[in-house]
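None of these values were measured; they are calculated from a predicted model.
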Amino acid sequence: MDPHIDPLKIMVDGSGRVFEPPVMAPEFDLPVDSEHKAMICKVHSLARPHMLSFHLAWVSFFTCFLSTFAAPPLIPIIRDNLDLTKSDISQASIAAVSGSIMSRLIMGAVCDLIGPRYGSAFLIMIVAPAVFAMAIVNDAAGFLMCRFFIGFSLATFVSCEYWVSSMFSTRIVGTANGIAAGWGNLGGGATQIIMPLLFAFIRDSGHHPAFAAWRIAFFIPGCLHIVMGILVLFFGQDLPDGNYWQVNDGNHTFRDGFQQAMYYAITSPRTWVFFALYGYCFGVELTVDNIIAEYFYDRFDLNLTTAGTVAAVSGLMNIFSRPIGGYLSDKASRHSGMRGRLWYLWLVQSMGGFFCILLGKMTSLGAAICVMIIFSIFVQAACGATFGIVPFISRRSLGGVIGFTAAGGNLGSVLTQSLFFTSSTYHTEVGLVYMGIMIICVTLLCTVVYFPMWGGMFFSPKKNYTEEEYYVSEWNAQEQRQGLHISSLKFAINARSERRKEPRSEGVEPELDDPDRSGLSMFKSYPGPQIGAPSPVPPSVRSNALE
């Protein structure tokens, strides 16, 4: 092989000849890695494409969260207007989160096939009519159907996390995902304040009766859907190097079809573990968004505005709790690799379960608010920690894995609300206690997560197993001959940051920093034909590849 060829950019022609395509390297405002993913996250910046796409991703998700949970803070008014029973309200709450179970699964494949920009923009605008339709519902059935279809928009979480994972390096993916998803989830807290204030403003300034004011208020989130859909469509960018239809290097799964895009997500046991884990962090958060305002309103005799404000505090914790969860996951990785991420996730999610139990035991308003805040911080931090790990499960089916994990969050909420918050069998405070117990039990699944190249919480990695073997094995022999696995190879090399850090012996560098030891494993023997002879690569080339 020509020593002047960058191994991270090589391609193979029909005859098997190795060559480097003459592509001009784009210039970016942020430092990037070999995949052109940003290595820092400047939240105050709109630098294209990384930061502009980052902000479009979380604001679009914020808008969908706001509209999905616009009804709960107005429930005391809506239930009187539509003569809703407790069962009607609970069923509508379940419908709101169950609607996005299937849409999140589909959105994962859509992101893998056509990119997050189209998926996000079209879904936001398609759901807008359901938001406007809330203004004309007349009975419990209409209310339930509207909440069900509005809930479809929560699938923008999948496009948000996929988008951010495609724009930021493995070393900060937990932080970037945590910030984006956390700020998006703020919509669930912000709506607890925004909707009661809109209702009061419309009722008082426009002299509208209460039963008309709540209906008019829903036009605001409906209009936001239209605006954000247009902004995402015209100003977003799928990947650092361009949109999906512009990137013709064959490294992306839009050529695969639906089955291939989902296959490696469905067949990985790690996907199903995180499907369950996310059901009892994000699923719990969704449940709390649906019940917390009514809980404080009924249990502590608060008025509508005060109950909404107290409930909003839970959701507003996302402004820092979920980002901190992702950031500390990245910090744990720098110290102990993937094993550090797993231990951290287990700790914070278990603590969330403990404080959920305490919340159900509180009898005074002040104590209940304090415990709710601590509980929210831990649960939301666990959400951030989860998506510090999920992007590593599969490279080829990234969207599928994110979609399944996100759907697990909604299914966990549906299950929990059905068991503990729908019928009159349990008071809300008792339901909270049982929900906390389930959180602690489900979180034990962290102990069975195992990556052969990194290990698990209690198990060491498989000897001599490399990141390249894990990620490149998702491409068959013919695809490897065509060079379709190159993007997975780049990701694998960057993912070496997840190796457990060993203490340095005197005069000895750790494996990751030693190019002669870490080398470029694409020249080793992993499943499928190799792209190039197994001859050694000059150290200078290896060093450049690892920079």
In the structure I gave you, are the side-chain heavy atoms of [X] and [Y] within less than 4.5 Å of one another anywhere?
{"X": "C383", "Y": "E285", "result": "yes"}
{"X": "L345", "Y": "F274", "result": "yes"}
{"X": "K490", "Y": "D33", "result": "no"}
{"X": "P391", "Y": "T170", "result": "no"}
{"X": "C356", "Y": "M351", "result": "no"}

For [Y], is there any backbone N or O sitting under 3.5 Å from a side-chain donor or acceptor partner on [X]?
{"X": "S329", "Y": "G325", "answer": "no"}
{"X": "W163", "Y": "G115", "answer": "no"}
{"X": "T191", "Y": "L66", "answer": "yes"}
{"X": "Y471", "Y": "F392", "answer": "yes"}
{"X": "E469", "Y": "T466", "answer": "yes"}
{"X": "S268", "Y": "A265", "answer": "no"}
{"X": "Q480", "Y": "H485", "answer": "no"}
{"X": "T447", "Y": "L444", "answer": "yes"}
{"X": "Y450", "Y": "M457", "answer": "no"}
{"X": "S98", "Y": "A95", "answer": "yes"}

Within a 6.0 Å radius of atom [atom1] on [X], are there more than 12 heavy atoms belonging to other residues, nucleotides or ligands?
{"X": "L233", "atom1": "CG", "result": "yes"}
{"X": "F320", "atom1": "CZ", "result": "yes"}
{"X": "Y465", "atom1": "OH", "result": "yes"}
{"X": "F148", "atom1": "CZ", "result": "yes"}

Do you know which two heavy atoms are closest between [X] and [Y], and how far apart they sit?
{"X": "S67", "Y": "C64", "result": "OG-O, 3.1 Å"}
{"X": "A382", "Y": "Q349", "result": "CB-OE1, 3.6 Å"}
{"X": "A190", "Y": "L316", "result": "N-CD2, 4.0 Å"}
{"X": "G456", "Y": "L342", "result": "CA-CD1, 4.0 Å"}
{"X": "L105", "Y": "G403", "result": "CD2-O, 4.0 Å"}
{"X": "F65", "Y": "G184", "result": "CB-O, 3.7 Å"}

What distance do [X] atom [atom1] and [Y] atom [atom2] have between them, rounded to the nearest 0.5 Å?
{"X": "F54", "Y": "I179", "atom1": "CZ", "atom2": "CD1", "value": "5.0 Å"}
{"X": "C160", "Y": "F61", "atom1": "SG", "atom2": "CZ", "value": "6.5 Å"}
{"X": "N318", "Y": "F62", "atom1": "CG", "atom2": "CZ", "value": "10.5 Å"}
{"X": "S314", "Y": "I377", "atom1": "OG", "atom2": "CD1", "value": "10.0 Å"}
{"X": "N243", "Y": "R117", "atom1": "CG", "atom2": "CZ", "value": "4.0 Å"}
{"X": "S120", "Y": "L231", "atom1": "OG", "atom2": "CG", "value": "11.0 Å"}

TODO: Provide the full list of side chain to side chain donor-acceptor pair (under 3.5 Å) pairs with a residue in residues 42-57, sequence neighbours left out, each pair given once.
DONE: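 Of all non-adjacent pairs touching residues 42-57, those that pass side chain to side chain donor-acceptor pair (under 3.5 Å) are H55-W58.
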Open item on the list: Checking L411 against L415 for the side-chain contact (heavy atoms from CB on, under 4.5 Å) test, could you report, in this order, the C-alpha distance in whole Å, the side-chain angles of both residues, the deciding distance, and whether it holds?
Closed with: CA-CA 6 Å; L411 186 60; L415 178 63; 5.6 Å; no
- [ ] Would you please test R496 and E468 for salt bridge (charged side-chain N to carboxylate O under 4.0 Å, His left out) and show each step?
- [x] CA-CA 9 Å; R496 290 176 183 168; E468 292 90 326; 2.3 Å; yes
TODO: Show your working on side-chain contact (heavy atoms from CB on, under 4.5 Å) between F275 and T405 and close with a plain yes or no.
DONE: CA-CA 4 Å; F275 177 87; T405 304; 5.8 Å; no
Check the side chains of [Y] and [X] for a donor-acceptor pair under 3.5 angstrom, ignoring hydrogens and angles.
{"X": "S153", "Y": "H225", "result": "no"}
{"X": "S100", "Y": "N410", "result": "yes"}
{"X": "N494", "Y": "E35", "result": "yes"}
{"X": "T416", "Y": "Y280", "result": "yes"}
{"X": "S413", "Y": "T287", "result": "yes"}
{"X": "S336", "Y": "W343", "result": "no"}

Open item on the list: Under the rule for side-chain hydrogen bond (donor to acceptor under 3.5 Å, both in side chains), what residues qualify as partners of E474, not counting sequence neighbours?
Closed with: S394
Task: Ring-face cation contact, F451 with R270, 6.0 Å cut, 45° max - done: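 Yes, R270 lies over the aromatic ring of F451.
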Task: Cation-pi, W454 ring and R339 (6.0 angstrom, 45 degrees) - done: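 No, R339 does not lie over the aromatic ring of W454.
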- [ ] Determine, stepwise, if the pair V232 / Y118 fulfils side-chain contact (heavy atoms from CB on, under 4.5 Å).
- [x] CA-CA 8 Å; V232 169; Y118 279 150; over 6 Å; no
Open item on the list: Looking at R104 and E161, is there a salt bridge between them, counting it only when a charged N and a carboxylate O are closer than 4.0 Å?
Closed with: no
Open item on the list: What I want to find out is whether E498 reaches R171 closely enough, with some N-O distance under 4.0 Å, to be called a salt bridge.
Closed with: no
- [ ] Decide salt bridge (charged side-chain N to carboxylate O under 4.0 Å, His left out) for R341 and D330; before the verdict, give the C-alpha distance in whole Å, the side-chain angles of both, and the deciding distance to 0.1 Å.
- [x] CA-CA 7 Å; R341 291 189 191 270; D330 289 338; 2.9 Å; yes
TODO: Please lay out, stage by stage, how F378 and F355 fare under the test ring pair (Phe, Tyr, Trp, His ring centres under 6.0 Å).
DONE: CA-CA 8 Å; F378 276 112; F355 280 99; 5.7 Å; yes
Open item on the list: Between F387 and F157, does the side-chain contact (heavy atoms from CB on, under 4.5 Å) criterion hold? Intermediate values first, please.
Closed with: CA-CA 11 Å; F387 275 86; F157 169 77; 3.4 Å; yes
